[in-house]
Amino acid sequence: MNIRLGNDFFCRDVLVVAPELIGKTLVRSIDGTIHKSIITEVEAYRGVEDLACHASKGRTKRTEVMFQQGGLVYVYLIYGMYWMLNFVTGDSGNPQAVLIRGINDCYGPGRITKRLSINGDFYGEDLVISSRLWVEDRNSSPVIQSDTRIGVEYAGEEWASKPWRFFTNDYLKK
DNA sequence: AGCAAGATCGGT
DNA sequence: CCGATCTTGCTG
């Protein structure tokens, strides 16, 4: 039985939500066709004090959605060509987000959005009620590993060394 | 108004 | 290793 994840799932601390997203089903509906994949790698970005998190720049037009309640989508363009897909977590006023880095048949945050046709138009999309993007539980319990986040050396040793990247190898093709 | 850097990727 | 490509936040 696949159940769509609701506010109760997303409105918790990002360090709780991020690892729990591993093994969940990412669902994208495009022109009536449902595309399902399994989330295999994510990264947590936590609060204004986390110098790797865009919210550390303050509440700006770009980071605004991260200050909202969990369950919303935060997307932004990087290097002029890649859209990064994030899920906002935590309560309103506590800026956090989870970057989706890998699904079972596609690795790389930029590649995932390209394949699923996700762009800036999804900024602020509500995963709880959206008819084109949401997440479902599939009752699986993959073995989860953690390591440092990728590409955040600019944040300095303290934040770049946090083991806030979560992933599993349970769905690798054989 | 101008500028440097970026939660990346694909090709040498 | 390097270039693509453009938004963003910071400086002035």
Side-chain angles (χ1 to χ4, degrees), chain A residues 5 9-24 26 28 35 37-90 93-127 133 135 144-169 171-173:
Chain A
L5 300 181
F9 178 87
F10 295 104
C11 293
R12 297 175 295 160
D13 191 273
V14 71
L15 294 180
V16 173
V17 177
E20 284 191 27
L21 276 171
I22 303 299
K24 294 293 188 292
L26 178 63
R28 171 80 168 98
H35 302 264
S37 46
I38 304 174
I39 297 173
T40 58
E41 180 165 322
V42 302
E43 278 177 358
Y45 288 85
R46 190 170 186 264
V48 294
E49 68 275 16
D50 176 5
L51 298 184
C53 180
H54 292 160
S56 65
K57 304 286 187 190
R59 193 162 183 157
T60 67
K61 182 174 182 179
R62 179 203 210 186
T63 65
E64 172 61 28
V65 74
M66 268 198 283
F67 287 79
Q68 305 297 318
Q69 81 278 11
L72 301 182
V73 171
Y74 168 45
V75 282
Y76 65 92
L77 187 66
I78 191 67
Y79 299 115
M81 51 185 114
Y82 301 109
W83 291 100
M84 300 288 104
L85 172 64
N86 298 256
F87 298 157
V88 174
T89 68
N94 185 11
Q96 309 181 328
V98 177
L99 169 67
I100 307 302
R101 293 195 64 90
I103 53 181
N104 57 315
D105 59 347
C106 178
Y107 180 76
R111 296 191 188 118
I112 291 173
T113 53
K114 183 177 181 183
R115 174 173 302 190
L116 298 181
S117 296
I118 290 171
N119 55 34
D121 188 44
F122 281 77
Y123 185 92
E125 186 86 359
D126 191 342
L127 296 169
L133 184 67
V135 185
I144 298 173
Q145 302 179 60
S146 64
D147 204 336
T148 54
R149 294 175 293 183
I150 294 174
V152 296
E153 292 75 21
Y154 65 86
E157 167 68 19
E158 178 185 359
W159 298 100
S161 64
K162 299 285 187 188
W164 289 354
R165 176 164 55 97
F166 304 93
F167 59 99
T168 184
N169 292 323
Y171 307 104
L172 291 178
K173 290 178 181 174

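Each chain gets a letter, A, B and so on, in the order the sequences are listed, and its residues count up from 1.
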Handout entry: Check: A/Tyr45 and A/Val14 side chains under 4.5 Å, non-hydrogen atoms
Key =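 No; the side chains remain at least 4.5 Å from each other.
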Polar atom pairs between nucleotides 9-12 of chain B and protein, under 3.5 Å, N or O only, would you list them?
from	atom 1	to	atom 2	distance (Å)
B/dC9	OP1	A/Gly108	O	3.4
B/dC9	OP1	A/Pro109	N	3.1
B/dC9	OP1	A/Gly110	N	2.9
B/dC9	OP1	A/Arg111	N	3.4
B/dC9	O4'	A/Tyr82	OH	2.9
B/dG10	OP2	A/Arg111	NE	2.7
B/dG10	OP2	A/Arg111	NH2	2.6

Practice task
May I ask you to verify whether the side chain of A/Tyr76 and the base of B/dA7 hold a donor-acceptor pair under 3.5 Å?
Solution key: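 When only heavy-atom distances are counted, A/Tyr76 does reach the base of B/dA7 through a donor-acceptor pair under 3.5 Å.
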So, [X] side chain and [Y] main chain: donor-acceptor pair closer than 3.5 Å or not?
X        : Y        : value
A/Thr60  : A/Thr63  : yes
A/Arg165 : A/Thr148 : yes
A/Thr113 : A/Tyr82  : no

Handout entry: Rounded distance in Å between the P positions of C/dC2 and B/dA5
Key =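 C/dC2 and B/dA5 have their P atoms separated by 16 Å.
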Problem - Distance between P atoms of C/dG3 and B/dA4 (Å, rounded) - result: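 That atom pair is separated by 16 Å.
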Problem - Cationic N near anionic O, under 4.0 Å, A/Arg115 to A/Asp105 - result: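 Salt bridge: yes.
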Problem - Salt-bridge contact A/Glu43-A/Arg149 (side-chain N to carboxylate O under 4.0 Å) - result: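 Answer for the salt bridge query: no.
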Handout entry: Start and end of chain A contact along DNA chain C [non-hydrogen atoms, under 4.0 Å]
Key =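 Extent of the interface on DNA chain C: C/dA4 to C/dG9.
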Problem - Other residues, nucleotides, ligands: >12 heavy atoms within 6.0 Å of A/Glu157 CD - result: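 No.
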Using whole Å, what does the distance between atom [atom2] of nucleotide [N] and atom [atom1] of [X] come to?
X        : N     : atom1 : atom2 : result
A/Ile78  : B/dA4 : CD1   : C1'   : 13 Å
A/Tyr154 : B/dG6 : OH    : P     : 8 Å
A/Phe87  : B/dA7 : CZ    : C1'   : 15 Å
A/Leu51  : B/dA5 : CG    : P     : 17 Å

Exercise for the section: May I ask which nucleotide in the shown strands pairs with B/dG11, Watson-Crick or G-U wobble, both distances under 3.5 Å? Expected result: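 Looking at the geometry, B/dG11 pairs with C/dC1.
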Exercise for the section: Specify the closest pair of heavy atoms between A/Lys61 and A/Tyr123, including all atoms of both residues, with the distance to one decimal. Expected result: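 Of all heavy-atom pairs spanning A/Lys61 and A/Tyr123, the closest is O-OH, 3.2 Å.
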Practice task
Just do the side-chain contact (heavy atoms from CB on, under 4.5 Å) check on A/Ile118 and A/Val73 with the steps written out, would you?
Solution key: CA-CA 11 Å; A/Ile118 290 171; A/Val73 171; 5.8 Å; no
Practice task
Answer with base, sugar-phosphate or nothing: what part of the nucleic acid does A/Arg62 contact at a heavy-atom distance below 4.0 Å?
Solution key: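 Answer is sugar-phosphate: A/Arg62 comes under 4.0 Å of backbone atoms only.
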